[in-house]
Structure formats: structure tokens, C-alpha cells
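Comments concern the structure below.
Positions are given from 1, in the same order as the sequence printed here. Ligands are counted one by one from 1 in listed order, and the atoms in each one are counted from 1 as well. It should be emphasised that the depicted structure is a prediction, and the values quoted were computed from it without experimental measurement.
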Amino acid sequence: MELSVAQWLLVVCLVAFPLLYEWSVSFKYFCKMAFYNGWILTLAILAIPICAVRGRNVENMKVLQFMLLHIKYLYGIKIEVRGWENFNIKEPYVVVSNHQSSLDLLGMMEILPSRCVPIAKRELMYAGTAGLACWLAGVIFINRKKTDDAISVMTEAAETMLKEDVRVWVFPEGTRNHSGSLLPFKRGAFHLAVKAQVPVIPVVMSSYKDFYCKKERKFTTGKCTVRILPGVHTKGLSSDDVPELADRVRGMMLEAFSQMSSERPGKGPGGVH
Ligand SMILES: CCCCCCCCCCCCCCC(=O)SCCNC(=O)CCNC(=O)[C@H](O)C(C)(C)COP(=O)(O)OP(=O)(O)OC[C@H]1O[C@@H](n2cnc3c(N)ncnc32)[C@H](O)[C@@H]1OP(=O)(O)O
Ligand SMILES: CCCCCCCC/C=C\CCCCCCCC(=O)OC[C@@H](O)COP(=O)(O)O
């Protein structure tokens, strides 16, 4: 039996792909990341018609959450949550959390409170099906290149929070940070909380270093701890108090992050400043 060129190519791919996957750490990393993004884009295709029935609505965030929850099992990532009781607040609040990578989505979906929407960079709105799903779920998009626009979107969000009983999730570092520490915080989240006079609830996701590192192209199975810290109240605070509030919350998060790093077996808190 003679094989055609196409058949030969198929055989080579079928043999080469698993071999490469096993032998090359980088190839495995790229495959896993490509699948992660591709799978989210695919799931969004399913989510869009379900969400579209309700139109743009924060309740659609539950649909996205439900659809994304299984991904941790696909990647063998165990997520332990501590401090659930700190979410026992009926009224709106602002959640602030550290931002290491797009994998934060897994920790976020694990604990996402009801009627809670993230603030995201505007570029995400154009990420194909995922962008449309986010828009339908009421994700608040800001243009980071235009500070005044971003501030007015966040000011509007403060009003929406109170009027429509919505919670908001912000990554105050403003960008992904793989340094093993926390970047200085942008102040938007804290202005938002002070304007709405609602508490800030800090959430800290432990370092992914043991199982994920973009620089080293490492992506294995592993464990992540998500800690929900006690809320910080803002009643009676004004915009003058925002810098101190932001510093205080960052301090609490850094301490928790440092503690969680030192809990990793045989590891010190290295890299936390
Ligand atoms: C089925 C599957 C479907 C797919 C599902 C996918 C779901 C995905 C959802 C997850 C999305 C996650 C996305 C995460 C991101 O995109 S992170 C990036 C975007 N987020 C942020 O940037 C948030 C944090 N940024 C801020 O808060 C900034 O402050 C910002 C408002 C953006 C302005 O930034 P910048 O231009 O850099 O300026 P400064 O921070 O230096 O601020 C300038 C001065 O303005 C003051 N300020 C800031 N905000 C306000 C405000 N709201 N009101 C009044 N004043 C404000 C600030 O204090 C500065 O003044 P001072 O220096 O303090 O005097
Ligand atoms: C037709 C266009 C197709 C475009 C394909 C785009 C691929 C994107 C696919 C899926 C998106 C997955 C959603 C992951 C959500 C996580 C968002 C995220 O982590 O954004 C990064 C942002 O916080 C900070 O950005 P920078 O670190 O400043 O940069």
C-alpha cells in the first residue's frame, strides 16, 4: 500500500506531535496556552446565545462562571479558597485582587460573588467571541490610554453599583504582573469605593510560580490558594483619603501574599517587596 504525501504528513504529525509534547516543555506550554484561549473562545460561542436572551445583563456573569468552572480540572489546578465569610455582605462592594496572568480567570470564577462584574481593558471587548460574551455579561470596559475617559466610566460605575446593586471586581495593579510581588496600585478602584461609600474586599491569589511561569515556558499541574480578606470600610472617607486607603489595602494584600508564599513547602517568601 502506497501512502500519498498528505497521508505521510498526517502520520508524521500524529507521531511527532505527542513526542514533541512529551519532550519539549516549551511546546507543552504553547499547546496548553493555545488550548486555554481557544477553549474560552469556543465556550463563548455557546454562552453568547444563552446570554443574548437576557440582553446585556450582569446576571449573565453567572452563565460565564458556570461555563468556565471546569477548566481547572482540565489543567489539574487545585484551588483552595479561604475566608469565604468575608463575602457575607449584602450590599455592593469593590473586590480588588492581584493580577498574575490570564489564569487569574480560574480563581476569579471560583469565588465570583453574585452580581459582580470585572473592570477590563477595552481591548478585551475586541477579543472575538470572548469580547462579545463579556459585553453581554456587563463587563465594564475602560480605555487605559485615556485617563479622563476611564475615570468617567468608573464614576458612572459607582452610581450603577448603588442603583442596580452591582459589585465590581478590579485588578488595581492595572496590568498582569509575573514578578512574584505586587505592583504599585492604581487608585481607580479606591475612588470608586469611596464615591459609592462601599467596602473594599481584598482578594489574594497565591503565586503560580510552582506550576506556571511564562518566562520559563512552564505550565504543569499545581495548587493555588485564594484568600478573601476582611473588608475595609469607606464610610465617611473622601477622595483625600484615597491614597492612604490604597496603601493600607496594598499592605494587607502584600502581607497575605507573603504569608501564602512562605506556606509553600520548603519555600521562603522571596520576591515579595
Ligand atoms: C464563556 C467565556 C467567556 C469569556 C469570559 C472572560 C471573562 C473575562 C473577565 C476578566 C477580565 C479581566 C480583565 C483584567 C484587566 O483588563 S486589568 C486592566 C484594566 N484594569 C485597570 O486598569 C483597573 C485599574 N486602573 C485604574 O484604576 C486606573 O487608576 C485608571 C482609572 C485606569 C487610570 O489609570 P491611569 O491613566 O494610569 O492614571 P492613574 O492611575 O495614575 O490616575 C491618574 C489620577 O486620577 C486619579 N483617579 C483615578 N481614578 C479615579 C476616579 N475613579 N475618580 C477620581 N480620580 C481618579 C488618580 O488618583 C490619579 O490622581 P493622583 O495621582 O492620585 O492625584
Ligand atoms: C477575532 C479575534 C480573535 C482574538 C483572539 C484573542 C484571544 C483571546 C482569547 C481569549 C480571551 C481569554 C480571556 C482571558 C481573560 C483574561 C484577561 C486578561 O488577563 O487580560 C489582561 C489584562 O488584564 C491586562 O492586560 P496587560 O497585562 O496589560 O496586557
Taking the side chain from Asn60 and the backbone from Leu136, do they hold a donor-acceptor pair closer than 3.5 Å?
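Yes, Asn60 side chain to Leu136 backbone: donor-acceptor pair under 3.5 Å.
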Does Glu59 come within less than 4.0 Å of Arg54, counting only side-chain N to carboxylate O?
no
Select one of side chain, backbone, both or neither to describe which atoms of [X] lie under 4.0 Å from any atom of ligand 1, heavy atoms only.
{"X": "Lys121", "answer": "both"}
{"X": "Pro118", "answer": "side chain"}
{"X": "Ser239", "answer": "neither"}
{"X": "Ile142", "answer": "side chain"}
{"X": "His99", "answer": "side chain"}

Which atoms of ligand 1 sit under 4.0 Å from any heavy atom of [X]?
{"X": "Ala120", "value": "11 (C), 13 (C), 15 (C), 16 (O)"}
{"X": "Ile40", "value": "4 (C)"}
{"X": "Phe171", "value": "12 (C), 14 (C), 23 (C), 24 (C)"}
{"X": "Val170", "value": "23 (C), 24 (C)"}
{"X": "Leu124", "value": "11 (C)"}

Parallel, tilted or perpendicular: which fits the ring planes of Trp39 and His70, with parallel below 30° and perpendicular above 60°?
perpendicular
Counting only heavy atoms not in Arg115, do more than 12 sit closer than 6.0 Å to its CZ atom?
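Yes.
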Counting only heavy atoms not in Glu80 (residues, nucleotides, ligands), do more than 12 fall under 6.0 Å from its CD?
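Yes - once you tally the heavy atoms of other residues, nucleotides and ligands closer than 6.0 Å, there are more than 12.
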Any non-hydrogen atom of [X] lying under 4.0 Å from ligand 1?
{"X": "Leu68", "value": "yes"}
{"X": "Arg176", "value": "no"}
{"X": "Val139", "value": "no"}

Within one Ile-Leu-Val-Met-Phe-Trp-Tyr cluster: Val117 and Phe66, side-chain cutoff 4.5 Å:
no
Decide whether an N or O pair under 3.5 Å exists between [X] and ligand 1.
{"X": "Gly188", "result": "yes"}
{"X": "Arg187", "result": "yes"}
{"X": "His191", "result": "yes"}

Minimum-distance pair of heavy atoms, taken over all atoms of [X] and [Y]:
{"X": "Arg167", "Y": "Ser114", "answer": "NH1-O, 3.2 Å"}
{"X": "Gln100", "Y": "Asp104", "answer": "N-OD2, 2.8 Å"}
{"X": "Ser206", "Y": "Phe257", "answer": "C-CE1, 4.0 Å"}

When Tyr208, Tyr75, Phe30, Phe211 are each screened for ring pair (Phe, Tyr, Trp, His ring centres under 6.0 Å) with Phe219, the one that passes is Tyr75
If you take the nearest heavy atom of each of Met154, Met109, Arg122, Lys195, which one is closest to atom 31 (C) of ligand 1?
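Among Met154, Met109, Arg122, Lys195, the closest heavy atom to atom 31 (C) of ligand 1 comes from Met154.
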